[in-house]
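Counting starts at 1 for both ligands and their atoms, in listed order.
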Amino acid sequence: MSKDERDDIVQYSMSRRKFLGLSAAGAAGASLTGLGFDKLQAYAAKHGDVAKTTIPDGEVHTLCEMCVWRCGVIAKVRDGKITKLEGNPDHPHSRGKLCPRGQAGLGMTYDPDRVKTPLIRVGKRGEGKFRKVTWEEALDYTAARMNELKEKYGAESMIFSTTHNLIQQQFENLLRAYGSPNYGTQRGLCFNAMITANSLTWGLDEPGRDYTDTDYVIYTGRNLMEAISNSETQDLVEALAKGAKVVVLDPRFTKTAARATEWVPIKPGNDLAFYLAMLHEIIKNDWYDHEFVEEYTHGFDQLAEEVRQYTPEWAEQRCDVPAENIRRIAREFSVAAPRAFAHPNWRTSNFENSFQTERAIAALNAICGCWSQPGSLQPAAGEGEGVELGGIPQPPYPRVRALRLDGVPWQHPVVPLKLGIFQKNRDAILTGKPYQAHGWFIYRQNPLSSISDRRKTLEAFSKLDFIVTIDIIMNDTAYYSDVILPEATYLERYDPLMVMEDSVFIRQPVIKPLFDSKPGLWIFQEIGKRLGLEKYFQYDGEEDYITQQLKPLDVTLEELKNKGYFTVVKEHTGEHSEELHFGTKTGKVELSSTVLEQLGMKGVPHWQEPMTPSENQFYLLTGKVATHTQFATQNNEYLHDLFPENPLWINTKEAEKRGIKNGDDIYVESEIGKVKTKAYVTEGIRPDSVFMVAGFGHVSKGLRTAFNEGVSDSDLHISYTDPVSGSQALSQTFVKVYKA
Ligand SMILES: Nc1nc2c(c(=O)[nH]1)N[C@H]1C(S)=C(S)[C@@H](COP(=O)(O)OP(=O)(O)OC[C@H]3O[C@@H](n4cnc5c(=O)[nH]c(N)nc54)[C@H](O)[C@@H]3O)O[C@H]1N2
Ligand SMILES: Nc1nc2c(c(=O)[nH]1)N[C@H]1C(S)=C(S)[C@@H](COP(=O)(O)OP(=O)(O)OC[C@H]3O[C@@H](n4cnc5c(=O)[nH]c(N)nc54)[C@H](O)[C@@H]3O)O[C@H]1N2
Ligand code: SF4
Ligand SMILES: [Mo]
């Protein structure tokens, strides 16, 4: 133990940890087979000695939290240590398999860089100097500062934000009881375009997909083989094996493109042209589903009128896909329909026109009748339905009169409140409009890195009086916060139940919380108590919370813990309902949106010109890799071992022109920033684009493995937000690339 660690002061410094030499235990190296039992066990043995298990040697059924998919996990315990995580065969999200990140979950629980006690900042923000304090002191201090801000500036001066999690309801409970309207989730950075477009069209958030009977799938930048959604990735693999045709539109040769039947290296920002031409072709040639269109849709004539101008030749000029290919794909899709779908995608936050692209995709599915049929889109994605849980008593919340800082709904009427426009909170702090925010409460989120233009976010932080972050590790946001509250990891705590279709699944502790970390359910309640809001937190510990949830169900906590899940209704007919209902204003699939029309906008999908780079610039593309989650796992030594940094993908010819060879040091420069990284020279990307995996370039010196490894595109990204859907546009930043 160093002198600093003996003292109460923690001063994070630059010194990087020497790599732990895990490879000695798993010489298989960076391949998936390297994710072997021995290696994980060696890891656990090294770091797990502070753990005392809550159960004897054996297995615990719980849920993964290495990403938001939340697969079922069976955790193996030996001598008080977790030795292995396996996929629960009975959980619909895992089906017996975990992805690399799920398997490496031990690397989070046993991360030597975990925040071990509550911390209060003593140095300047960003100096990395904190004082270790007791929970008592940290919570008292947090509540006192929150009360102070509320008295001085009103509850609305405090922003609350979080990224989707099982305890979200309690986080929302805290903010509503406190009385702030300012709530941000990651959605504006992620799938606002997809959700708003689909809800305006079908009247539900996100259509489900039936892969078992599908013959034809089109993805638009959806990269399921790397941006993993475990069960859906498995679905795709099986559909391919059964001979489904899969078309991938992506400027980059992704792993999904590599497995697909056809890769369409489309020009960024111009997918909309492709889909408008698809609609044109299918309607012109009368290949659409007349019955479905007549019975279930609204606005077909306006759509037909609008897309008359969008010929494949017109589209080719824009999206760089030969007209004959667009014609062929339109033909193939309509022949395969209804056993086909154009996937609604996920993080379609690429351009300001991505909302129109999503609307066009939804319209394509609709006119081909790809709805509620075997192999087509489905009415529900399945989560959160089918089971009524008991809830803890929730007295009425105080009335909130203040406008939301993110402009929803008063400036952005189409954006659902539950989505919001996260990034606009940051901008509102900077402008002080419509009023000045003074505090930010951040749970399970890393906005300093995940919002475009990190310098702006830092500047916003500097304008705030108080920032509190609850995390596992000293993430970048925590590093710049005033108080850091260490939560127990997902393998050390309970969370509220997860409902999927007709089953409930439990997250439960496999071991007791390491160090002085605490479960979120406890933290929120303790803050609530200190704010005088205890009546909103009527539960007596984690187990009582879940027991209250289980009240209407015919199962005990003990039974649920043993099996990991409980199924309420058994029968799954697999039949597709004859009667279709749509939650739109007209009760039909709105090809022309009545909501948009009422707001004076064009109701049908239409062309919206995207920004384009100038002569010497590239589109800067970003995205995920299979071995990391967002900005969260780069310090996980296990995953760092597999993927330590993020070189820039650049096309061979363009690299040659600039004298850049594979592995060379290069500069990447946008209007707002410049980073130095390495070149990955490849044929697998369009000449007009470069690509960088997101999540690297951490600025927190409390992340001794991840600090300064790779670079962050948030240092390059200019912030653009589509005003209709509130979706940020991440591919709309253009960069120059040159040799260092
Ligand atoms: N391993 C792993 N899996 C994850 C996650 C993770 O962090 N790691 N995160 C989860 C989350 S929160 C999300 S939102 C999903 C995201 O899932 P996806 O949206 O499938 O994946 P991304 O990697 O974000 O982006 C995918 C692709 O968009 C392409 N692209 C960029 N601009 C354009 C464009 O204009 N047109 C087209 N056609 N393509 C474009 C990029 O080249 C990139 O390959 O993944 C989820 N799954
Ligand atoms: N450049 C670029 N920017 C992007 C994206 C991109 O592809 N490129 N993707 C966008 C997308 S799709 C999304 S969804 C957002 C994500 O943006 P964020 O949600 O801000 O990013 P994450 O890295 O997922 O942040 C999760 C944080 O939660 C912490 N954490 C993990 N588990 C727990 C837990 O159990 N308890 C607590 N308290 N903390 C925990 C992690 O340590 C991490 O700090 O980023 C968006 N921004
Ligand atoms: S997809 Fe992977 S990281 Fe996400 S919950 Fe499942 S196993 Fe965990
Ligand atoms: Mo996301």
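Considering only heavy atoms from C-beta on, T233 comes within 4.5 Å of M225 through its side chain.
Around atom 6 (Fe) of ligand 3, the protein atoms of type N, O or S found under 2.8 Å away are C71 SG, listed by chain and number.
From L63, atom CG reaches atom OH of Y490 across 10.5 Å, with rounding to the nearest 0.5 Å. Atoms NE2 and CD, from H640 and E645 in turn, are 8.0 Å apart once rounded to the nearest 0.5 Å. Note that CG of L272 is 7.5 Å distant from CD of Q608, once rounded to the nearest 0.5 Å.
Using a cutoff of 4.0 Å between basic side-chain nitrogens and carboxylate oxygens, E281 and R327 are scored as salt-bridged. Comment: D90 does not engage K563 in a salt bridge, judged by the lack of any side-chain N to carboxylate O separation of less than 4.0 angstrom.
When each of W649, Y619, F253 is paired with F691, the ring-ring contact (aromatic ring centres under 6.0 Å, His included) condition holds for W649 and for no other. Of the options L249, V247, N350, a side-chain contact (heavy atoms from CB on, under 4.5 Å) to T220 is made by L249 and by none of the others.
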Pairs under 3.5 Å, nitrogen or oxygen of ligand 1 with protein nitrogen or oxygen:
unit_1: ligand 1; atom_1: 1 (N); unit_2: R101; atom_2: NE; d: 3.3
unit_1: ligand 1; atom_1: 1 (N); unit_2: E226; atom_2: O; d: 2.9
unit_1: ligand 1; atom_1: 1 (N); unit_2: V625; atom_2: O; d: 2.9
unit_1: ligand 1; atom_1: 1 (N); unit_2: H628; atom_2: O; d: 3.4
unit_1: ligand 1; atom_1: 3 (N); unit_2: R101; atom_2: NH1; d: 3.4
unit_1: ligand 1; atom_1: 3 (N); unit_2: R101; atom_2: NH2; d: 3.4
unit_1: ligand 1; atom_1: 3 (N); unit_2: I228; atom_2: N; d: 2.8
unit_1: ligand 1; atom_1: 7 (O); unit_2: Q630; atom_2: N; d: 2.8
unit_1: ligand 1; atom_1: 8 (N); unit_2: R101; atom_2: NH1; d: 3.2
unit_1: ligand 1; atom_1: 8 (N); unit_2: H628; atom_2: O; d: 2.6
unit_1: ligand 1; atom_1: 17 (O); unit_2: R222; atom_2: NH1; d: 3.0
unit_1: ligand 1; atom_1: 19 (O); unit_2: R347; atom_2: N; d: 3.4
unit_1: ligand 1; atom_1: 20 (O); unit_2: R222; atom_2: NH1; d: 2.6
unit_1: ligand 1; atom_1: 20 (O); unit_2: N223; atom_2: N; d: 2.7
unit_1: ligand 1; atom_1: 23 (O); unit_2: K624; atom_2: N; d: 2.7
unit_1: ligand 1; atom_1: 24 (O); unit_2: R347; atom_2: NE; d: 2.7
unit_1: ligand 1; atom_1: 24 (O); unit_2: R347; atom_2: NH2; d: 3.3
unit_1: ligand 1; atom_1: 25 (O); unit_2: R347; atom_2: NH2; d: 3.1
unit_1: ligand 1; atom_1: 28 (O); unit_2: G221; atom_2: O; d: 3.4
unit_1: ligand 1; atom_1: 32 (N); unit_2: S731; atom_2: OG; d: 2.8
unit_1: ligand 1; atom_1: 35 (O); unit_2: G269; atom_2: N; d: 2.9
unit_1: ligand 1; atom_1: 36 (N); unit_2: D271; atom_2: OD1; d: 2.8
unit_1: ligand 1; atom_1: 36 (N); unit_2: D271; atom_2: OD2; d: 3.4
unit_1: ligand 1; atom_1: 38 (N); unit_2: L249; atom_2: O; d: 3.0
unit_1: ligand 1; atom_1: 38 (N); unit_2: D271; atom_2: OD2; d: 2.7
unit_1: ligand 1; atom_1: 42 (O); unit_2: D250; atom_2: OD1; d: 2.8
unit_1: ligand 1; atom_1: 42 (O); unit_2: R252; atom_2: NE; d: 3.4
unit_1: ligand 1; atom_1: 44 (O); unit_2: D250; atom_2: OD2; d: 2.9
unit_1: ligand 1; atom_1: 44 (O); unit_2: R252; atom_2: NE; d: 3.2
unit_1: ligand 1; atom_1: 44 (O); unit_2: R252; atom_2: NH2; d: 2.8
unit_1: ligand 1; atom_1: 47 (N); unit_2: I228; atom_2: N; d: 3.4
unit_1: ligand 1; atom_1: 47 (N); unit_2: I228; atom_2: O; d: 3.0

(request) Could you please spell out the steps behind the ring pair (Phe, Tyr, Trp, His ring centres under 6.0 Å) verdict for F734 and F618? (result) CA-CA 5 Å; F734 310 129; F618 299 89; over 10 Å; no
